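This report concerns only the one structure given below.
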Amino acid sequence: MTDTNITADMRTVLGREFARTVSFPIEASDIRRWAIAVYYPQPPPARYWDRSAQPGPLVAPQEFNPFAWMSSEGPAPAGDHDPDRHFRTLGVTGPGLKFQVNGGVRATYGVPMREGDVITSSSCIAELTERTGRLGLMLFTTIETVLTNQDHAEVRRQRMTIIRY
């Protein structure tokens with residue numbers, strides 16, 4: 001049998017939600033501040049700050065994070081940097097690997113976030129793969145996070161890969 005970091009228990013949690021967060025309603029000032037920061041030192045496009053640029057509520061930039069300041073549950077707890085926390089939250093033992101690096105993030109976008117939207121974020125472990133590298137056997141954990149608005153329309157889907165060894 002080949003060595004592996006992936007246990008049968010770890011495979012049972014694939015696709016199961018381990019985190020759900022709900023935002024406060026998005027305010028026009030949140031969109032404006034985000035756009036100013038993202039486009040600095042250039043001015044942001046008018047659609048992100050000027051109501052006369054388009055009818056209806058202000059639209060947020062695609063990369064807008066409605067959880068940047070706080071979620072409706074209150075401030076985020078102090079950082080839990082335990083690499084096994086996602087597995088532990090789901091009731092299984094992780095591989096106990098000590099080191100991790102960001103392997104990249106990919107995002108696809110749906111309907112735009114708008115002023116007044118309430119966004120729900122749901123995260124799960126989507127994929128577990130392994131590969132041997134210079135440092136030995138590495139575990140690639142893909143976390144998928146889906147953001148939806150109050151109408152259950154998808155606004156963003158992102159997949160982050162964590163490389164552990």
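Everything numeric in this text was worked out from a predicted model, so none of it was measured. Index from 1, following the sequence.
- Annotation: the span from Gln42 atom CD to Ile36 atom CD1 amounts to 13.5 Å, rounded to 0.5 Å.
- No path of Ile, Leu, Val, Met, Phe, Trp and Tyr side chains, each step under 4.5 Å between heavy atoms, connects Phe87 with Leu137, placing them in separate hydrophobic clusters.
- Between Glu127 and Arg159 there is a salt bridge, since at least one side-chain N of the basic residue sits less than 4.0 Å from a carboxylate O of the acidic one.
- Sequence neighbours left out, the pairs with a member in residues 100-115 that pass side-chain hydrogen bond (donor to acceptor under 3.5 Å, both in side chains) are Arg51-Glu115.
- One hydrophobic cluster, built from ILVMFWY side chains closer than 4.5 Å, cannot hold both Leu97 and Phe140; they sit in different ones.
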Evaluate side-chain contact (heavy atoms from CB on, under 4.5 Å) for Ile125 paired with Phe18, printing each intermediate quantity in order. CA-CA 8 Å; Ile125 299 172; Phe18 67 80; 4.1 Å; yes
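- A cation-pi geometry, defined here as NZ or CZ lying under 6.0 Å from the six-membered ring centre and within 45° of its normal, holds between Arg33 and Trp69.
- Side chains of Asp50 and Ser52: a donor-acceptor N/O pair is present below 3.5 angstrom, by distance only.
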Check step by step if side-chain contact (heavy atoms from CB on, under 4.5 Å) holds for Arg16 and Leu14. CA-CA 6 Å; Arg16 283 187 29 212; Leu14 291 174; over 6 Å; no
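- Using a 3.5 Å distance cut-off with no hydrogens or angles, the side chains of Thr148 and Glu154 do not pair a donor with an acceptor.
- In summary, the side chains of Glu130 and Thr4 do present a donor paired with an acceptor at a separation below 3.5 Å, with no hydrogens or angles considered.
- A continuous path of hydrophobic side-chain contacts links Ile6 to Ile143 [ILVMFWY only; heavy atoms under 4.5 Å].
- Residues Val146 and Met113 fall into different hydrophobic clusters, defined by Ile, Leu, Val, Met, Phe, Trp and Tyr side chains chained together at heavy-atom separations under 4.5 Å.
- Under 3.5 Å, the side chains of Glu27 and Ser29 contain no donor-acceptor pair of N or O atoms.
- Between Lys98 and Asp82, no side-chain nitrogen of the basic residue sits less than 4.0 Å from a carboxylate oxygen of the acidic one, so the salt-bridge criterion is not met.
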